[in-house]
Amino acid sequence: SFYDKAMLGLEGRDRQIENVCESIRSLGRAGIPVLGYHFSPSFVWRTDNHAPVGRYGATVQAFDLGLQEQGVDDMADFGQRRDVAVLDAELLWENFEDFMKRVIPVAEEYHVTMALHPDDPPVKSLSGIARMFINLDSYKRAEAMIDSPNWGLLFCIGTFSQMEGGARNIFDAIEYFGPRKKLVYAHMRDVQGTVPRFRECFLGEGNFDPFEVVYKLMHSGFDGFLVSDHVPGIEGDREWGHRYCLHQRIDGGHRKDGSNEAGIETGMEGSVVGPPCMGKGWKGRLEGWIRIWTGPLKICGWHRSVFW
């Protein structure tokens with residue numbers, strides 16, 4: 001991360017925070033109203049990125065804390081800090097408060113909403129670094145600390161499903177944050193199992209019922225958008241997986257036939273959700289559910305956001 005020193009409270013953090021502020025100003029000037037971010041120096045972590053244990057041999061991401069503690073991981077060059085130790089999460093909370101006090105006024109001035117992603121996996125410590133956003137209470141604490149209309153959750157449904165207690169965390173978050181418009185947008189995926197050991201899967205075969213989650217979102221007042229996330233690998237995939245069918249037809253946010261129907265999230269995966277693949281698989285069914293309700297949920301059409 002280009003603000004890792006800010007997260008860790010190291011020398012050089014002031015310059016990094018100013019770079020973040022200037023990036024927010026640039027987003028505001030460009031009319032991009034949402035910035036997804038995280039506050040996890042050890043970032044996303046998996047012990048296997050291509051486990052052939054999904055349905056019909058699909059490859060999925062998997063995590064086993066016991067294996068990770070033995071030195072097993074599949075995260076080479078993925079940006080995690082492995083050269084520092086932070087044993088007390090309260091030190092990170094101090095750094096987080098300092099960071100947010102400096103960036104939120106800029107976000108408010110430039111009309112950009114900061115959407116915070118949880119720690120994935122949501123365990124207390126990883127590779128010698130404590131982790132903060134591992135349960136619903138940590139988000140409640142952050143909200144009380146920040147107290148701004150320009151802050152909310154990047155609601156990674158899969159990560160909430162990974163938390164101790166599984167799917168219950170998803171519905172508790174929707175019930176608590178949804179009516180207050182703090183669920184900015186959502187990553188839609190699921191897992192089988194919870195920390196300390198889980199594996200990702202196709203929607204509909206994991207911890208939660210996708211229909212029930214979308215229904216609860218709908219009736220909570222959520223008016224953000226859904227983004228496909230960590231899609232399992234299937235036979236015949238190209239470099240970008242079977243989402244490649246969208247990438248090869250989109251150029252700079254516009255379909256190559258000249259239209260601009262696709263929704264784009266720029267960030268960790270560059271995932272794209274839009275009309276080219278509608279009508280097939282779970283996204284087609286999801287679109288059908290949403291059309292029945294004729295409500296505000298978005299899985300197609302423009303959405304403008306950036307995720308670091």
For Trp151, side-chain hydrogen bond (donor to acceptor under 3.5 Å, both in side chains) partners two or more places apart: Tyr37
Phe39-Phe99 aromatic ring centre distance below 6.0 Å: yes
Beyond-backbone contact of Pro210 with Phe208, side-chain heavy atoms, under 4.5 angstrom: yes
Side chain Asp64, main chain Phe198, donor-acceptor under 3.5 Å: no
Pair Ile170-Phe155, side-chain contact (heavy atoms from CB on, under 4.5 Å): steps then yes or no: CA-CA 9 Å; Ile170 301 168; Phe155 187 35; 3.9 Å; yes
Asn169 (side chain) donor-acceptor with Gly166 (main chain) under 3.5 angstrom: yes
Neighbour count above 12 (heavy atom, 6.0 Å) for Arg180 CZ: yes
Least distance between heavy atoms, Ala115 atom then Val184 atom: CB-CB, 3.9 Å
Qualifying salt bridge (charged side-chain N to carboxylate O under 4.0 Å, His left out) pairs with a residue from residues 190-204, counting only residues at least two apart or across chains: Arg46-Glu200, Arg189-Glu200
Considering all heavy atoms, the nearest Asn150-Ala107 contact: ND2-O, 3.5 Å
Straight-line distance of Asp14 CG to Asp98 CG, nearest 0.5 Å: 7.5 Å
Neighbour count above 12 (heavy atom, 6.0 Å) for Asp137 CG: yes
Ser138 vs Asn135 side-chain heavy atoms within contact, under 4.5 Å: yes
Salt bridge Glu90-Arg141, side-chain N to carboxylate O under 4.0 Å: yes
Distance in Å, Leu126 CG paired with Leu65 CG, rounded so as to fall on 0.5 Å steps: 7.0 Å
Asn95 to Leu8 - nearest heavy-atom pair and separation: ND2-C, 3.3 Å
Heavy-atom pair with the smallest gap, counting every atom of Met188 and Val214: CE-CG2, 3.8 Å
Backbone N/O of Lys140 and side chain of Glu143: donor-acceptor pair under 3.5 Å: no
Aromatic centroids of His230 and His187 separated by under 6.0 Å: no
Ile104 side chain near Met114 side chain, heavy-atom distance below 4.5 Å: yes
Interatomic distance, Gln61 atom CD to Thr47 atom OG1 [nearest 0.5 angstrom]: 10.0 Å
Check: Gly221 main-chain N/O paired with Lys181 side-chain donor or acceptor under 3.5 Å: yes
Ile17 side, atom CD1; Met7 side, atom CE - distance, nearest 0.5 Å: 11.0 Å
Check: Asp4/Gln16 side-chain N/O donor and acceptor closer than 3.5 Å: yes
Within 6.0 angstrom of Lys124 NZ, more than 12 heavy atoms from elsewhere: no
Neighbour count >12 (heavy atoms, 6.0 Å) for atom CD, Glu175: no
Test side-chain contact (heavy atoms from CB on, under 4.5 Å) applied to Glu212 and Phe171, step by step: CA-CA 9 Å; Glu212 186 178 5; Phe171 300 110; 3.7 Å; yes
Spacing of Thr113 atom OG1 and Glu108 atom CD [to the nearest 0.5 Å]: 9.5 Å
Residues Arg131 and Ser40: side-chain donor-acceptor under 3.5 angstrom: yes
Nearest atoms (heavy-atom pairs only) where Pro41 meets Leu92: CG-CD2, 4.3 Å
Presence of salt bridge, Arg102 and Glu97, under 4.0 angstrom: no
Flag if over 12 foreign heavy atoms under 6.0 Å of CD, Glu22: yes
Residues Glu11, Lys5: salt bridge by 4.0 Å N-O rule: no
Where at least one partner belongs to residues 118-137, residue pairs that pass ring pair (Phe, Tyr, Trp, His ring centres under 6.0 Å), sequence neighbours excluded: Trp93-Phe133, Phe96-Phe133, Phe133-Tyr139
Heavy-atom closest contact (Ile157 atom, Ala186 atom, distance): CD1-CB, 4.0 Å
Atom pair CG (Leu35) and OH (Tyr110), whose distance is rounded to the nearest 0.5 Å: 15.0 Å
Polar contact flag, side-chain donor to acceptor under 3.5 angstrom, Ser161-Asn207: yes
Heavy-atom donor-acceptor pair, Asp119 side chain to Pro122 backbone, under 3.5 Å: no
